[in-house]
Amino acid sequence: MESFLAWLILLCPLASAALILSFAHESKALSVKISLGAVGVALAATLFLVFNQGVCQSSFTWIDLGPALRLSIGIKVDALTRVMLLVVTGIGALVHVYSTVYMEEDEGKARFFGSLSLFMFSMLGIVLADNLAMMFIFWELVGVSSFLLIGHWFSKESAAKAANKAFLTNRIGDFGFMSGILLVWAATGSVEFSGIQAGLEKLTSNPGLLTLAGLCLFCGAVGKSAQVPLHVWLPDAMEGPTPVSALIHAATMVAAGVYMLARIFFILEPSATALTVIASIGAITALMAAFMATQQNDIKRILAYSTLSQLGLMVAGVGVGAWGAAMFHLFTHAFFKALLFLGAGAVIHAMHHEQDIWKMGGLRKSMPVTFLTFAIGTLALTGAPLLAGFFSKDAILLAAWHKNTLVFGAALLTSLLTAFYMTRLVVVAFLGGPRTEAAQHGHDCPAAMTVPLVILAALSAIAGYEFFAKSIFGAEIFHKVHEAEHASIVPTLAISVFVIGTLGAWLVYKGTSVAKPAAKMTDLPKDPVVIPLFANKFYIDELYAALIAGTQDTLASLSGWIDRVILDGVIVRGIAGITWGAGYALRLLQFGNLQGYAFLFGTGVVVLLYLLTK
């Protein structure tokens with residue numbers, strides 16, 4: 001029964017994508033029904049597996065080249081799988097419902113839901129895979145489907161560029177991931193998780209190879225979970241429709257990297273060097289992204305950098321050995337980050353696609369349901385006591401406290417900055433008076449958009465409590481969340497930075513309120529805190545642009561010059577010119593006059609006799 005349900009969860013979105021993109025792409029209504037039906041069946045099957053603690057493994061041979069190489073297409077359901085299945089199908093279902101209204105007027109609505117189903121299939125394949133080869137195949141499918149969704153509005157240049165940027169940046173990380181898989185296979189003779197575990201001693205006996213393989217596998221997470229230095233694609237992915245942003249940032253693509261690290265932790269654990277690198281990259285990403293978020297004015301980009309920062313915390317959690325805590329934070333983060341993105345989408349929808357928070361204000365009164373749910377999501381993200389984020393973030397902080405002081409310090413400062421920039425967002429966008437006419441006429445969205453917000457708000461409140469989380473994770477994983485020794489000072493510090501960050505943002509930004517809408521855009525209040533280094537994202541995008549201009553663009557220009565001047569100009573056109581000239585000269589001798597030919601013949605004879613007698 002469990003195996004059947006697992007295959008059903010995987011194949012329903014595939015069938016939906018195939019039906020929509022092949023047959024139903026002309027009908028918006030039919031496409032929506034097919035996609036909703038598929039994700040509904042997947043969610044129902046997931047709930048059965050979760051609450052019955054289903055465990056199974058099933059596979060069939062795909063490639064068999066003898067003992068040297070056997071590849072299978074297989075699924076594995078255990079406690080870790082169940083957590084991710086619930087996150088992906090649960091958030092995915094709510095995003096589908098929300099999208100029925102948000103994408104109502106979109107001309108490509110059918111194509112959107114077809115791509116959404118393909119994306120769900122790709123992510124579920126990663127979650128259910130029982131071997132690295134199958135995981136890599138679906139890893140690449142996630143890249144393709146995210147390309148389609150981020151670039152959904154492909155006629156918009158910024159969206160097309162963002163889709164290309166996401167796709168190409170991820171290929172860099174994926175090359176490392178593939179290299180890691182090959183190293184593991186070469187050392188252990190297997191790509192199946194059970195086979196790798198059985199032959200792990202062959203890998204651990206060579207510490208250098210073990211570290212290299214672990215770091216190459218980690219490259220995959222650096223790309224998919226947008227860690228420094230491959231983080232640059234994620235903020236630009238905001239060019240896609242807001243429901244896509246919610247799905248990518250909360251439950252699917254970016255979560256894949258953290259899930260993969262948890263799944264292969266038995267490979268990483270023996271290498272202290274690999275874990276130190278992972279913890280360092282995660283801490284750096286968390287801190288840098290938090291600083292960037294403090295200076296963003298686009299409501300979706302603030303949330304995007306928040307996602308980067310929280311992913312950094314999760315990766316750092318894996319690096320300090322607390323993969324259970326990292327997965328716990330991934331679990332709770334999925335609910336409140338989906339809530340925040342969908343709440344932002346409701347604001348954008350009501351504001352006629354305006355995304356600048358400085359052109360909002362006063363939405364607390366005109367959009368009360370959106371404001372209340374958004375506030376709950378904000379409090380959960382910032383680590384307010386008794387909400388989900390407080391418990392899961394504390395678990396990572398506790399682990400870092402015992403394992404790595406620098407990582408703990410970075411995580412604590414990240415928590416303070418998170419409270420600061422999220423309070424800034426709420427104060428500027430929702431409190432005070434409306435700054436523009438659009439903000440003055442804001443309104444809550446239809447039930448299909450607000451009901452998912454209410455559900456996610458409830459989950460953001462209770463997901464961190466043991467009675468709820470333990471029933472999802474199961475005792476085998478949940479005990480890993482709190483296996484670090486209790487340290488009472490850590491929760492105290494966490495609450496302190498939450499208060500400092502929240503209060504600091506309130507004091508700085510409460511003065512930006514206005515009494516009435518501005519007559520013109522130049523009258524809008526300005527951010528009183530402007531730090532160019534953070535506002536320009538540490539100039540990393542400019543650095544990459546200069547690097548590409550100095551290498552790839554220079555090489556492309558040189559290659560173009562060689563092609564035009566040397567190959568086309570000198571060789572192709574030169575040889576053609578010589579041939580044409582010789583032909584033209586010979587053509588002058590073919591003038592059709594018999595006396596002329598006799599003259600030339602006589603001249604030739606004279607010249608020949610002269611040469612012979614000389």
Side-chain angles (χ1 to χ4, degrees), residues 13 17 20-21 28 31-32 35 39 88 91-92 94-123 141-171 223-226 230-256 296 298-308 311 334 337-349 351-356 449 452 541:
I20 293 172
L21 297 176
K28 294 181 181 180
S31 298
V32 170
S35 190
V39 75
V88 174
I91 303 297
L94 292 174
V95 167
H96 274 70
V97 172
Y98 181 96
S99 299
T100 59
V101 174
Y102 192 89
M103 302 296 290
E104 183 64 39
E105 304 300 324
D106 194 274
E107 293 183 0
K109 186 176 181 180
R111 173 168 51 85
F112 173 82
F113 275 92
S115 300
L116 207 57
S117 291
L118 180 63
F119 193 44
M120 292 288 292
F121 167 68
S122 305
M123 186 62 203
L141 278 174
V142 164
V144 172
S145 49
S146 65
F147 172 82
L148 295 174
L149 287 171
I150 295 170
H152 175 72
W153 292 317
F154 55 85
S155 58
K156 184 181 174 184
E157 185 179 4
S158 58
K161 287 184 176 180
N164 287 332
K165 188 175 184 179
F167 187 81
L168 294 174
T169 304
N170 272 275
R171 298 291 71 73
K224 279 289 184 289
S225 291
L230 300 183
H231 65 286
V232 292
W233 70 268
L234 190 57
D236 288 355
M238 296 302 94
E239 292 294 337
T242 299
V244 172
S245 303
L247 197 58
I248 288 177
H249 284 251
T252 54
M253 188 171 178
V254 297
Q296 300 303 308
D298 183 313
I299 188 171
K300 286 175 66 176
R301 283 185 177 267
I302 295 171
L303 298 178
Y305 283 105
S306 169
T307 299
L308 278 176
L311 287 168
K337 187 50 63 69
L339 168 59
L340 290 169
F341 265 109
L342 295 183
V347 170
I348 294 167
H349 189 270
M351 291 280 296
H352 307 294
H353 299 285
E354 178 57 65
Q355 296 183 198
D356 189 340
M449 292 178 69
D541 283 276

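Residues Ala344 and Leu303 approach most closely at CB-CD1, 3.9 Å, considering heavy atoms. Contact between Ala237 and Ile150 at its shortest, heavy atoms only, is CB-CD1, 3.7 Å. Shortest non-hydrogen contact noted between Ile91 and Ala334 is CD1-O, 3.7 Å. When all heavy atoms of Leu149 and Ser115 are compared, the pair lying nearest together is CD2-CB, 3.6 Å. Lys300 approaches Gly240 most closely through the heavy-atom pair NZ-O, 3.1 Å. For Ile20 against Ala110, the heavy-atom pair with the smallest separation is CG2-O, 3.3 Å.
For the atom pair Lys165 NZ and Asp236 CG, the distance stands at 4.0 Å (nearest 0.5 Å). Once rounded to the nearest 0.5 Å, the distance linking CG of Asp106 with CH2 of Trp153 reads 6.0 Å. Considering CG of Leu342 and CG of Leu94, their distance stands at 7.5 Å, rounded to 0.5 Å. Here the NZ atom belonging to Lys224 is positioned 4.5 Å from the CE atom belonging to Met253, to the nearest 0.5 angstrom. Put simply, CD1 on Ile299 and CE on Met351 are 9.0 Å apart, with the number rounded to the nearest 0.5 Å. We find the CE-OG distance between Met449 and Ser99 to be 9.0 Å, quoted to the nearest 0.5 Å.
Ring planes of His349 and Tyr102: tilted class, angle from 30 to 60°.
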Inset, instruction - Let me see the working for Phe147 and Val144 under side-chain contact (heavy atoms from CB on, under 4.5 Å), right down to the final yes or no. - result: CA-CA 5 Å; Phe147 172 82; Val144 172; 5.6 Å; no
Inset, instruction - Carefully, step by step, assess Leu116 and Leu247 under the rule side-chain contact (heavy atoms from CB on, under 4.5 Å). - result: CA-CA 9 Å; Leu116 207 57; Leu247 197 58; 3.7 Å; yes
Inset, instruction - Before giving the answer on side-chain contact (heavy atoms from CB on, under 4.5 Å), spell out for Asp298 and Met238 the whole-Å C-alpha distance, their side-chain angles and the decisive distance to 0.1 Å. - result: CA-CA 10 Å; Asp298 183 313; Met238 296 302 94; 5.9 Å; no
Legend entry - Check against side-chain contact (heavy atoms from CB on, under 4.5 Å), Val244 and Phe112: CA-CA 9 Å; Val244 172; Phe112 173 82; 3.4 Å; yes
Inset, instruction - Decide yes or no on side chain to side chain donor-acceptor pair (under 3.5 Å) for Lys337 and Thr307, but give the supporting numbers first. - result: CA-CA 8 Å; Lys337 187 50 63 69; Thr307 299; 3.1 Å; yes
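Side-chain atoms of Met103 and Pro241, non-hydrogen and from C-beta on, do get closer than 4.5 Å to each other. Side chains of Asn170 and Val142 form no contact here, defined as non-hydrogen atoms less than 4.5 Å apart. Side-chain atoms of Phe113 and His96, non-hydrogen and from C-beta on, do get closer than 4.5 Å to each other. Under the 4.5 Å side-chain criterion, counting only non-hydrogen atoms from C-beta, Leu141 is not in contact with Phe119.
The side chain to side chain donor-acceptor pair (under 3.5 Å) test with Ser117 singles out one residue from Ser122, Ser31, Ser35, and that residue is Ser35.
A cation-pi arrangement is present between Arg171 and Phe167, with the terminal nitrogen or guanidinium carbon under 6.0 Å from the aromatic centre and inside a 45° cone about the axis.
Here the side chain of Ser225 pairs no donor or acceptor atom with the backbone of Ala255 at under 3.5 angstrom. In terms of modelled atom types and a separation under 3.5 Å, the side chain of Lys109 and the main chain of Thr100 share a donor-acceptor contact. Using modelled atom types, no side-chain atom of Thr169 and backbone atom of Ala166 make a donor-acceptor pair closer than 3.5 Å.
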